Amino acid sequence: MARKIIIDTDPGQDDAVAILLALTSPEVEVLGITAVAGNVPLELTAKNARIVCELAGRPDVKVFAGCDRPLRHALVTAEHVHGKTGLDGPRLADPVMPLQPEHAVDFIIDTLRAEPTGTVTLCPLGPLTNIATAFEKAPDIVGKVQEIVLMGGAYFQVGNITPAAEFNIYVDPEAADIVFKSGRPITVMPLDVTHKALTTAPRVQAFRDLGSKAGTMVAEWTDFFERFDKEKYGSAGAPLHDPCVIAYLIRPDLFQGHHVNVEIETQSDLTRGMTVADWWGVTDRAKNAMFMGDLDADGFFALLVERIGRL
């Protein structure tokens, strides 16, 4: 039976690939896509999510706009990585499909209330503002969540937007703190894993070789955003962060991690947004997250190419 998911996202080229993976995979049923401000402002993330749905031939998927700023602080964006539109690279037509009138937070609340307890998995690919706002507004829904599988944080890789913090958590640490303290099962795809999912030249070529519009689009997206990361990290390609979340739901065997305590730093100027993961079990703090540390990169890219090849 397909696993019901809500994708909460701030597309971003890698978010776009994650959405394509979800929409081509019968193992998951996308109940809706909720946009949040993050990589680029909300107006663009809500637009980009619809562009990707149309690319997947799925204009029936409902897309909702959510929070346009973090809970406590000014929005920090990442145009330096993703370009002005968030999906820079190939030229893209504006979407035809409508944005839903309901606020994303209300959609999350209404969906969790309507579905049987323990049947909906939340898949945040960006800052956790929408999820935390829903939990704060409707505490009754928290216990109904099956699992939260998110991309964010880091331990051994530390930070990519500050020396200590990964971008998604840094943008809204207060929201992340609420989510990590929610008591729901959490699986984290941190930089420790995503930095092993590198878009090497042969892997990008495999998308291009599909000869389809979607395959070409994925190749051109990765061509665009990997320039920044290759220069920054001196690596053979860029990390394809967000598809790790969806790949885990389809093929959990591709990933390995530890069940640990993760706390979010919200106070320090120096380490704000840091995910403090007790990897070595040196505290008595309760374990609250499966924190991934490794993946089978070849298996991951084979899955992506096979699924995107279905379009």
Side-chain angles (χ1 to χ4, degrees), residues 3 5 7 9 11-28 30 39 52 55-57 81-82 87-90 123 125-126 149-152 154 156-157 160 166 168 187-257 290-311:
R3 185 164 178 174
I5 67 171
I7 299 176
T9 179
Q13 291 91 346
D14 56 322
D15 304 70
V17 178
I19 293 167
L20 290 178
L21 178 60
L23 294 180
T24 54
S25 295
E27 294 90 345
V28 295
V30 181
N39 284 323
V52 178
L55 177 62
V81 180
H82 299 281
L87 290 180
D88 278 23
C123 298
L125 310 179
V149 183
L150 66 93
M151 189 277 134
F156 295 101
Q157 290 281 343
N160 64 354
E166 178 275 331
N168 285 344
T187 298
V188 184
M189 297 294 159
L191 300 182
D192 306 303
V193 159
T194 65
H195 279 192
K196 293 170 182 171
L198 294 178
T199 58
T200 59
R203 288 169 178 164
V204 176
Q205 189 60 42
F207 290 119
R208 199 168 266 116
D209 288 345
L210 290 171
S212 64
K213 184 178 178 183
T216 302
M217 201 75 89
V218 170
E220 290 184 12
W221 280 333
T222 52
D223 282 345
F224 179 85
F225 82 83
E226 76 173 7
R227 285 177 231 166
F228 171 82
D229 282 329
K230 283 162 85 168
E231 185 179 335
K232 178 176 172 181
Y233 298 113
S235 56
L240 205 54
H241 305 284
D242 294 328
C244 290
V245 167
I246 307 300
Y248 171 76
L249 297 176
I250 301 164
R251 289 280 309 278
D253 58 298
L254 294 173
F255 298 85
Q256 289 181 304
M290 174 57 81
F291 205 77
M292 291 301 174
D294 206 1
L295 92 158
D296 170 358
D298 288 336
F300 170 76
F301 277 96
L303 174 67
L304 275 177
V305 171
E306 187 268 317
R307 293 302 163 91
I308 288 166
R310 296 178 179 191
L311 289 170

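On a predicted model such as this, the values are computed, not experimentally measured, just so you know.
- Counting heavy atoms from C-beta outward, I250 and L21 have side chains that approach closer than 4.5 Å.
- Checked by atom type and distance alone, the side chain of K196 never pairs as donor or acceptor with a backbone atom of L191 at under 3.5 Å.
- The two atoms that bring A214 and L311 nearest to each other are CB-CD1, 3.6 Å, heavy atoms only.
- No side-chain heavy atom of L150 sits under 4.5 Å from any side-chain heavy atom of V245.
- Of all heavy-atom pairs between L240 and P243, the closest is O-CD, 3.6 Å.
- Here the CG atom belonging to L210 is positioned 10.0 Å from the CD atom belonging to E306, to the nearest 0.5 angstrom.
- Tested against V52, the residues L23, D15, V17, I19 include a single side chain to side chain contact (heavy atoms under 4.5 Å, CB included) partner, I19.
- Note that CE of M189 is 10.0 Å distant from CD1 of I246, once rounded to the nearest 0.5 Å.
- Looking only at side-chain heavy atoms (C-beta outward), L304 and F207 come within less than 4.5 Å of each other.
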Would T187 and M292 count as a side chain to side chain contact (heavy atoms under 4.5 Å, CB included) here? Give the steps. CA-CA 7 Å; T187 298; M292 291 301 174; 3.9 Å; yes
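- In this structure, D192 contributes its side chain and A154 its backbone to no donor-acceptor pair below 3.5 Å.
- Contact record, N168 with M151: ND2-O, 3.0 Å, taken as the closest heavy-atom pair.
- Proximity of Q157 to E166: side-chain heavy atoms (C-beta onward) are nowhere separated by under 4.5 Å.
- For the pair L198 and P239, the tightest heavy-atom approach, listed with the atom from each and the gap, is CD2-N, 3.7 Å.
- Side chains of M217 and L87 form no contact here, defined as non-hydrogen atoms less than 4.5 Å apart.
- Inter-residue side-chain proximity for T199 and F301 is flagged as met; some heavy-atom pair is nearer than 4.5 Å.
- Here the closest heavy-atom approach between residue P26 and residue T24 is recorded as CD-O, 3.7 Å.
- Using the six-membered ring where Trp is involved, Y248 and F255 have ring planes that are perpendicular, over 60° apart on the 30 and 60° scheme.
- Judged purely by distance below 3.5 Å, without hydrogens or angles, the side chains of H82 and N39 pair a donor atom with an acceptor atom.
- To the nearest 0.5 Å, atom CD of residue Q13 and atom CG of residue D242 are 10.5 Å apart.
- The existence of a salt bridge linking D296 and R251 is excluded, since no basic side-chain nitrogen approaches an acidic carboxylate oxygen closer than 4.0 Å.
- In this structure, E27 places its CD atom where more than 12 heavy-atom neighbours from other residues, nucleotides or ligands lie under 6.0 Å away.
- A distance of 6.5 Å separates CG of L295 from CZ of F300, quoted to the nearest 0.5 Å.
- A 4.5 Å side-chain heavy-atom check between R203 and V305 finds every atom pair outside the cut-off.
- Taking each heavy atom of I7 and I5 in turn, the nearest pair found is CG1-CD1, 3.8 Å.
- At a cut-off of 3.5 Å, with distance as the only test, a side-chain donor of R307 or S25 sits close to an acceptor on the other residue.
- Using a 4.5 Å cut-off on side-chain heavy atoms (C-beta onward), V188 and M290 make no contact.
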